[in-house]
Amino acid sequence: MRKFLSILCVFALVALVAYVADQLFGVVAFTFGYFVFCLLAGVAFGGAWHVCFQRSGLVIALVVFGVFATNFFLPPPSERLLRSAMLKAPPGSDASAILGIVKQQYEGSRYEMPWIHEDRAGGFDRIHVSLLSQKAKSCTSAIFLVENGRVSRSIFSPD
């Protein structure tokens, strides 16, 4: 019983951390990486189950994978939408497309459009996309550094 509770507590903790990381940082936007994490977590917990209880861990592995994969199906937090927009405008992409990419990400969501501001700082043109317009005191933002009309670097700044 002690082994079972230990595995269950570790699983609950890891599931909570994954959910909070998506809410704060939008980690599920890294779709392939998060999918691999779900697979590895399923294999790890299924293997731990098999080692501890000498029973097949396949069902446990599938359940763990399913629990972690539910983040794909839950309504995305605004941070994930912002992170997805950032990933769709990688370095080298046309900076004029950023506004359209952000609009496309937020279209049909329950969130209002993020605040977008263009300025020049530190020798770079910057496009600053901030969630401050959505909820007070939320400073989560994506900053695109632009050189010669192309994105040279993007920075995700969580609150």
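In what follows, residues are counted from 1 in the order of the sequence shown. Both backbone and side-chain heavy atoms feed into the values below; hydrogens, waters and symmetry mates do not.
- Put simply, the side chain of R83 gets close to the backbone of F25: a donor and an acceptor are under 3.5 Å apart.
- In this structure, F72 and Y34 have perpendicular ring planes: the angle between them is above 60°, well past the 30° mark.
- Around the CZ atom of F4, the shell of radius 6.0 Å holds no more than 12 heavy atoms that belong to other residues, nucleotides or ligands.
- Distance check, rounded to the nearest 0.5 Å: CG of L82 to CG of L87 gives 9.5 Å.
- Heavy atoms only, all atoms of each residue included: A18 and N71 are closest at O-ND2, 3.9 Å.
- Around atom CD of E107, no more than 12 heavy atoms belonging to other residues, nucleotides or ligands sit under 6.0 Å away.
- Heavy atoms of other residues, nucleotides or ligands lying less than 6.0 angstrom from CG of N148 number 12 at most.
- Side-chain contact check for V102 versus M113: some heavy-atom pair is nearer than 4.5 Å.
- The distance from the CG atom of L74 to the CD atom of Q23 is 8.0 Å, given to the nearest 0.5 Å.
- The CE atom of M86 lies 10.5 Å from the OG atom of S141; values are rounded to the nearest 0.5 Å.
- Ring planes of W115 and H117: parallel class, angle under 30° (limits at 30 and 60°).
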**Request:** Decide yes or no on side-chain contact (heavy atoms from CB on, under 4.5 Å) for V14 and F68, but give the supporting numbers first.
**Result:** CA-CA 9 Å; V14 173; F68 283 115; 3.4 Å; yes
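- Across all their heavy atoms, S152 and P91 have their closest contact at O-CB, 3.7 Å.
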Ignoring hydrogens and angles, write down the donor-acceptor pairs under 3.5 Å from the side chains of residues 57-64, residues two or more places apart or on other chains.
none

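- Interatomic distance, R80 CZ to S109 OG, rounded to the nearest 0.5 Å: 12.0 Å.
- When ring centroids are compared, F144 and F124 stay outside the 6.0 Å threshold.
- Summarising the geometry, atom OG belonging to S84 is positioned 11.5 Å from atom CD1 belonging to I101; distances are rounded to the nearest 0.5 Å.
- Residues V27 and L16 share a hydrophobic cluster, clusters being chains of Ile/Leu/Val/Met/Phe/Trp/Tyr side chains in contact below 4.5 Å.
- Here the side chains of V28 and E79 are not in contact, with every heavy-atom distance at 4.5 Å or above.
- Under the 4.5 Å side-chain criterion, counting only non-hydrogen atoms from C-beta, L131 is not in contact with Y111.
- For F156, there are no ring-ring contact (aromatic ring centres under 6.0 Å, His included) partners two or more places apart in sequence or in a different chain.
- At least one side-chain heavy atom of F65 sits under 4.5 Å from a side-chain heavy atom of F35.
- For the residue pair V151 and A95, the shortest heavy atom distance occurs at CG2-CA, 4.2 Å.
- Considering only heavy atoms from C-beta on, L24 stays 4.5 Å or farther from P158 through its side chain.
- Hydrophobic clustering (ILVMFWY, side-chain heavy atoms < 4.5 Å, transitive): I7 and L5 are in one cluster.
- Between E112 and Y106, the shortest heavy-atom contact is O-CD2, 4.0 Å.
- Annotation: the span from I143 atom CD1 to L145 atom CG amounts to 7.5 Å, rounded to 0.5 Å.
- Residues R150 and D94 have side chains in contact (heavy-atom distance under 4.5 Å, counting atoms from C-beta outward).
- Contacts of F45 classified as ring-ring contact (aromatic ring centres under 6.0 Å, His included), with partners at least two apart in sequence or in another chain: F11.
- At a cut-off of 3.5 Å, with distance as the only test, a side-chain donor of K88 or Q105 sits close to an acceptor on the other residue.
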